[in-house]
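Just so we're on the same page: letters track the sequence lines, and every chain starts at 1.
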Amino acid sequence: MEKSKENLIQDVVRRSGVNPRKCMKCGKCSGTCPAYDEMEYHPHQFVYMIETGDIEPLLKSKSIYKCLTCFACVDRCPRGVEPAKLIESIRLSVIREQGNNHLTPQMIPELIDEEMPQQALVTAFRKYTK
Amino acid sequence: MRKCLLQNQNKLFDQISSFASLYIPVETTGGNASFKKYEQGMVMSDVLKTDRSPKDLFFPQTENLMEFKTSGKNIEVIDNRKESEDFVVFGVRGCDVKSFEVLDRVFLVEPVDTYYATRREHGIIVSMACGRPAETCFCQTFGIDASAPEGDIVCYKTEDALYLDAKTEKGKNLLSKLADVTEESDGKEALKQKEQIKTVLAKLPLANLKADSFGKDKTKEFFDAPEWQILSKSCLGCGTCTFVCPTCQCYDIKDFKTKDGVQRFRCWDSCMYSEFTKMSAGQPRLTQLERFRQRFMHKLVYYPTNNDGLFSCVGCGRCISKCPISMNIVKVMKALGGIDNE
Amino acid sequence: MQKINREVLINKANELLSNGTINRVFGWEKGDFSYDVTPTIYFTADQMNKKFIFDDFCGANFSKYLVAETKKDQNKVGVFLKPCDTYSFNQLLTEHRFDKEKVYAIGVPCDGMVDEKKIKAFFGEGISSITSEGDEIIVDTLYDGVKKVKKADVLQERCQNCKSKKHVYYDELIGEDGEVLDSNRFDEVEKLEKMTADERFAFWQNELSKCIRCNACRDVCPACTCEKCVFNNPNSGVENKSPANEFEEKMFHIIRAFHVAGRCTDCGECSRVCPQGIPLHLLNRKFIKDINSFYGNYQAGEQEGSRAPLTNYTKEDLEPSEAVNKGDN
Amino acid sequence: MQRIGVFVCWCGSNIAGTVDVKAVAEALKNEPGVVHSANYQYMCSQAGQELIKDAIKEHKLTGIVVCSCSPRMHEGTFRKTAEAAGLNPYMVEIANIREQCSWIHKDIAEGTEKAIVLGRTAIAKVNLNAPLMAGESPVTKRALVIGGGIAGIQTALDIADAGFEVDIVETKPTIGGKMAQLDKTFPTLDCAACILTPKMVDVAQHEKIKIYSYSEVVDVRGFVGNFEVTIKKRARFVKEDICTGCGLCTEKCPQKKVPNEFNLGMDNRRAIYIPFAQAVPKVATIDPNYCTMLKTGKCGVCAKVCTANAIDYTQKDEFIDQKYGAIVAATGFNPISMEKFDEFAYSQSKDVITSLEFERLMNAAGPTAGKLVRPSDGKHPQKIVFVQCVGSRCAACAEKGKEYCSKICCMYTAKHAMLTRDKYPDTDVTVFYIDVRTPGKNFDEFYRRAAEEYGVHYIKGMVGKISPEGDKLMVRASDLLANKQINMEADLVVLAAAIEPDKSARPLATMLTASMDTNDFFTEAHPKLRPVESPTAGVFLSGCCQGPKDIPETVSQAGAAAAKVIGLLAKDKLKGNPCVAHSDEMMCNGCSSCEKVCPYGAITYEDKEFRGPNRTTLIRRIAKVNEAICQGCGCCTVACPSGAMDLKGFASKQIMAEVDAICK
Amino acid sequence: MQVNEFKPKIVAFCCNWCSYAGADLAGSNRLAYPAEVKVIRVPCSCRVNPMFILRAFQRGADGVIICGCHPGDCHYTSGNYYTRRRMALLFSMLDYLGIEKGRTRVEWVSAAEGAKFAQTMNDFVQTVTALGENKRLEDLRCKK
């Protein structure tokens, strides 16, 4: 169990290309995040929790779907940590599990409204579905 | 005259090498050959000219002369010359055979160079007529007949056999030891080949090159010739011509510090080098023009002056094919002799 | 397009000589055979008309001659430079070996020089004449009549692996300039690198044992322009005149290659002139290949004034231990 | 042939315990050149040294080998011993048979054998030693200080007080530097001008100090003790010696719209100006970029009003050559540009300012006469946000920020927050920080006072974005401790911009051949033990050009640099290290390889006439080593392809002889 | 008769400021390393000419090691950076010629690293001992 958790973290880190140890805990990522209030765990926490090995709460948290991948945190991080890539990587390790697609075609009709751009749907599928 | 079928050639070599060291020309890389000590199975090359001449076997590029051993503050002198054994050099071309006459006149006159003398005494030369002379050959210019070389034994190679003809006591002696791998022959085939070679020789591009205007006592005529200026212009001052030349005989004596002493050895030197004959006042020939002139004047004038008109060039043509910038004695002779390559 | 032949070059030289731009010009001179072309210097167009040649055997590079020649007087010297010669020329300028103001460089095109040794390897000794026709070389032999061979097959090694047809320096260019080429010049080096150490040792032992220390490689090398070579200098501690043993054979070539490392333009003259046929370019190319892979691509002579890799560094350079282990992966 | 004496030391039992010293002395007797061999308990003792001296005289020794401890320990001792006995000190070689033999080997046979080899090696070297004489060069007793900020001022004053001439070169029209722009100084809160301006006056009045203001160094030649410097004195179109600094011209000049750089462009000055009231030298300067007279030839108001006739529109740049013995770099710093930090809206809103701008806003002599107002509308800000570490500790993008900590921002931000709350208690002040770093005397107390007594809100977390909304600024940040995102309105935002070395430092370093790090800070000769010296002899470092520093640190470093300069200038002659490179001009190709690897710029080239063959003359380019600059590393000797370059004391032949002796 | 155990000859070039001091420190701390190692003091590792290395092999050395300050710590600011380039190229060339790569080494040893110096020398002697006598770059004359 411990072993597999470690492997999972390694996978997440490797896939993202992020080195969480570069973080100096300034919080600029969270200070800049437009989806902050939607999130249970915030960008800096993602980095910190991965660094300390506390990945399970993140896997279970809805926060991984709240990140808009706007990359504001990536752009502004003074240490080049790139939290969004880390969040993306964690999300991928969740939705790549069997039956873990976060968005199914059946869910689409109820989501559609006048305002919703096509592009958003396509992007959402790419992000939330295996 | 003895005959040895080509299929028995290696038997012949094995036989010789059973009682003496044997050196034969062996092909190294495409079209190149050099004399190597025979070992069973080696193939004799037909390449006309070895890269280096057989001079090496009598006057090697480096040769130990003596050693000094030091212990504490004492010095002991050790003469490391060994009693030399007989050796045979097989396949020496006519020009190269002639080169030994040139070297002998330097090394075997007083004071005799005992290192060279010992080797000459023990060395047996089996010469080889030139089946296919090349365009760079000009031995005829110096009166050498490639169809009838000198040597202890003269050899003709035809399509199926070697024909061996002993010319000296040493040669006869050697040939007598090879009776079981050779058979008696009338030598007609050899004679036929000799004639063939003669016709080819007459057709060579340098066949008409004459050395008549050079020779004994011509120093004043050529020393200040204006041609030297332009001829020497491109000379790089390397020693290629010297080191492939069968007649160049200059050497330097040097000391090498060994572990507990000094090894005194000699090594070839070249008059083309800026460091040649460096004396307390430096090298007397200050520019390449002077060094260049020295080499050719020596071959064509100085040596003949001191040696009854004998030129110290044998027309082997090695310098023609080896000079990095393709300057050579033929070009020098033509330029000084007023022959323009239109 | 105008055909660049001997006449065009003579006319150009004549023009420069007569308008006073130069008072002498380095050029090639034909020899007794088809292939024994000699570098020389011409003072008049008349001399050139008689002896000048521009053909497949004009491999000699005049750059090195300029070091001594430009010091002689205040006049300008003309020189014909093939693309690869211009690299040597530039490298010598970089090292302040002569003043470019005293030279007028005429860039001439080159489609590769023929190696007569290769022709002889094909047809043996006894070559009466060699002419070229398109991409074929016609050889008249003494013994086997007229023979033909593809020019590409008898090009000099350095021309088969030509690195550049581009002139990196000239005052005037005759014909059109070419491009820097992608060559396979490191293939042979790579082949050696892939061998085991024992095989490599045997290979070099065999090659270097042929050395007669005639110094042709050094004396023709445009990078070897030292006032006094360490091998001629009794005070250097390595002076010697002949390879007394295997060690000295190796030492000469290692030191020589090291001394030109980062300065060698890979002109290939060393291998061309070696009377013993030692592939000396494989030593120099090893350094060039290493320099490229360790410190980034660098072509000596490409740019006048460039800083040679051995007189330069970065703080992130690889360690010597990494350098020797690089080939192991 | 040398006459060598060998002296084998027992070092009590340190050596004699594992090395048979008598056997060593006996064995070495037979080495070439050795005429005397002895052993003694303590060679370094008075008696041991006497023994050596006596032997030198008695045996007419020309060289000695001491087999003893490391040369790093007693080489100097034995050199002095030899010198006292009339032998050249560089004819001494040490065979290290203690640290590198007796102490690491236990077996006596093994230790003895190795000691003999080491002795033999040293003998082989001494056989090739030649007496060396340290070159001497005179010292020009004048120092140059480049930069007239507090660092330069302090250095200059200290040097001048010791009695040496000092010149200060300052690019601005006045000395004073950044400190002159500051309002108060932490942690004492005394007024910057009050403590700086008296020093500026001291400088102006000091008979040993000459100020070249509005000037720059354009060329440096020479070497330690003997620098030759060209100073370009830019034309200020006012005769410095005549101008009284009355300021009348600066009031009458019709060109009023020139951004005032002293106030960071927050107000305007005239085309003729005196940067500030206490400027030194207090003379006017015409800004040629704005002066109508200089641009169009029509105006001349200043000339008309000047009662002293000091205006000279025809003035030209002047080049002054001066010799110096030592040079101090004190080029200082600048805040980095905020243009690239879009997220903080610096270029979008006038109410986002840098800390240095804030200093000017708070300064009684500043654009607002010390009234803290918003630059946009002149209103008093109710809520002020300070953002720390803007561009500092920024490893992500070298284009944008700096990887290092700028060191001073924590403290000045605390100062600003405190001063604001002190002057305007109704203002709400928030500081966003990553860490608060206060390692200085009374620093942490100061910071705590800001938080505790003055009620400054310190929030751990970085500001992510600032967006102007109406006349307010929306500040979005994270509060890491509360784990929440903050969206707060502010009236004024102050960015603690990172500091970087002045742009003039890089070209200056090139001229001085002084090394720099990747951030363009000057490198010190040793980071711990020689922090105020550049590796280039005779060049010293003062203030922020070496790294971020606060004022007290700058002043102490300035004093330290001055002490080093005084130490140098106090000498009449400099004795060089005789183990320097030397080029054999007969062999030199002039190829410049050596010059390229020389870390000190000690190698130059000259064209020299040589006798060629046959009575010709050849001109060749050859290398010359300046022995006063060369430090003797020997890098050039390997770069030299012809072997023309060699190193005295460590000559190729000597090293090869050592190799031979070891491998025997 | 007893078979003589092979003891390699090792030449160590040490820069005066770091590695030579490191060697001294190893001595002061009595950290043993084989007596086969003999140190030559040079001002800086950049003083070491490839010719010296070949000379050592010629004269009978079985291994040559160059020690200098760590990159960035050179007393002369940049000397060891040049050493690093020169030796990287030289060693690569020696390897290319088939000379055993274990016979040459560059190691950065600071004045504080006495233990590293001893460790390095122990390790190097071990490597060279395993390689045996230097045959590929030997000059038999120097053994007489």
Side-chain angles (χ1 to χ4, degrees), chain B residues 28-32 34 46-49 51-52 61-62 64 132-137 200 203-206 230-231 233-234 236-244 251-252 254 256 263 265 267-270 273-275 278 288 318 320-328 330-331 334 340-342, chain C residues 26 29-33 35-43 47 50-51 57 60 62 64-65 68-69 116-118 120-122 124-129 141-143 206 210 212-220 228 232-234 239-245 248 269 272-277:
Chain B
T28 47
T29 43
N32 289 20
S34 61
D46 283 330
V47 167
L48 182 71
K49 281 172 255 184
D51 286 337
R52 293 159 73 171
Q61 186 164 13
T62 55
N64 286 336
R132 283 162 67 112
E135 76 279 11
T136 52
C137 293
V200 180
K203 286 194 289 189
L204 290 180
L206 299 178
I230 201 85
L231 285 169
K233 183 101 227 166
S234 51
L236 300 170
C238 75
T240 309
C241 51
T242 317
F243 289 2
V244 298
Y251 61 81
D252 191 5
K254 301 182 92 64
F256 180 85
Q263 193 167 77
F265 67 103
C267 60
W268 294 351
D269 206 343
S270 170
Y273 288 167
S274 55
E275 314 302 308
K278 195 160 192 174
Q288 203 55 30
R318 283 188 179 86
I320 297 181
S321 49
K322 299 295 187 190
C323 175
I325 47 100
S326 297
M327 178 46 68
N328 53 57
V330 173
K331 286 185 181 174
K334 284 187 174 178
D340 252 356
N341 271 325
E342 69 270 25
Chain C
F26 274 106
E29 179 182 343
K30 68 172 143 190
D32 295 316
F33 314 108
Y35 53 79
D36 59 337
V37 173
T38 302
T40 192
I41 199 157
Y42 295 102
F43 290 85
Q47 290 170 341
K50 272 191 196 152
K51 296 180 170 171
F57 293 97
F62 302 114
K64 188 175 179 174
Y65 290 119
E69 194 63 31
E116 87 273 6
K117 287 182 204 125
K118 285 191 178 168
K120 286 183 178 176
F122 267 107
E125 291 267 355
I127 308 284
S128 330
S129 78
T141 67
L142 278 176
Y143 301 103
N206 175 46
K210 298 176 194 163
I212 55 173
R213 262 307 292 286
C214 62
N215 293 322
C217 50
R218 178 193 75 186
D219 292 341
V220 78
K228 193 182 199 78
N232 287 351
N233 177 7
E239 184 247 9
N240 63 16
K241 264 188 179 152
S242 73
N245 58 20
E248 289 197 339
E269 284 282 271
R272 178 182 74 82
V273 303
C274 180
Q276 297 291 96

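If you measure heavy-atom distances from C:A216 to chain B, the contacts under 4.5 Å come from both the backbone and the side chain. Using a 4.5 Å cut-off between heavy atoms, C:V37 touches chain B through its backbone atoms (N, CA, C, O) alone. Contact annotation for C:L142: only side-chain heavy atoms (C-beta onward) come within less than 4.5 Å of a heavy atom of chain B. For chain B, the nearby parts of C:K210 are the backbone and the side chain; heavy atoms of each come within less than 4.5 Å. Heavy atoms closer than 4.5 Å to chain C are found in the side chain of B:L204, but not in its backbone. Residue B:T242: no heavy atom, backbone or side chain, is found under 4.5 Å from chain C. For chain B, the nearby part of C:E239 is the side chain; its heavy atoms alone come within less than 4.5 Å. Proximity to chain C involves both the backbone and the side chain of B:T240, based on heavy atoms less than 4.5 angstrom apart. Contacts between C:T38 and chain B at a heavy-atom distance below 4.5 Å involve backbone atoms as well as side-chain atoms.
In terms of heavy-atom pairs under 4.5 Å with chain B, the best-connected choice from C:E125, C:E29, C:K118 is C:E125. When each of B:P324, B:C267, B:S270 is checked for heavy-atom pairs under 4.5 Å with chain C, B:P324 comes out on top. Between chain C and the options B:S34, B:P133, B:S321, heavy-atom pairs under 4.5 Å are most frequent for B:P133.
Here the side chain of C:S242 pairs no donor or acceptor atom with the backbone of B:T62 at under 3.5 angstrom. Panel note: side chain C:Q276, backbone B:D51; no donor-acceptor pair is recorded below 3.5 Å. In this structure, B:E135 contributes its side chain and C:I127 its backbone to a donor-acceptor pair below 3.5 Å. Remark: side-chain polar atoms of C:K241 are not paired, donor with acceptor, to backbone N or O of B:D269 under 3.5 angstrom.
Interatomic distance, C:T40 OG1 to B:I325 CD1, rounded to the nearest 0.5 Å: 9.0 Å. Interatomic distance, B:F265 CZ to C:N245 CG, rounded to the nearest 0.5 Å: 9.5 Å.
Under the salt bridge (charged side-chain N to carboxylate O under 4.0 Å, His left out) criterion, C:E269 pairs with C:R158, C:R272, sequence neighbours left out. With sequence neighbours excluded, the residues satisfying ring-ring contact (aromatic ring centres under 6.0 Å, His included) with C:Y65 are C:F26.
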Pair B:Y273-C:N232, side chain to side chain contact (heavy atoms under 4.5 Å, CB included): steps then yes or no: CA-CA 9 Å; B:Y273 288 167; C:N232 287 351; over 6 Å; no

Evaluation steps, side chain to side chain contact (heavy atoms under 4.5 Å, CB included), between C:F33 and B:T136: CA-CA 9 Å; C:F33 314 108; B:T136 52; 4.0 Å; yes

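Shown here for C:D219 and B:G237, the closest heavy-atom pair between the two residues is OD2-O, 3.3 Å. The heavy-atom pair separating B:F243 from C:I212 by the smallest distance is CD2-O, 3.1 Å. Contact detail for B:K322 and C:P275: the closest heavy-atom pair is NZ-O, 2.8 Å.
Contact check for B:K233 versus C:P39: no side-chain heavy atoms found under the 4.5 Å cut-off. Taking 4.5 Å as the limit, some side-chain heavy atom of C:Y143 sits within range of a side-chain heavy atom of B:V200.
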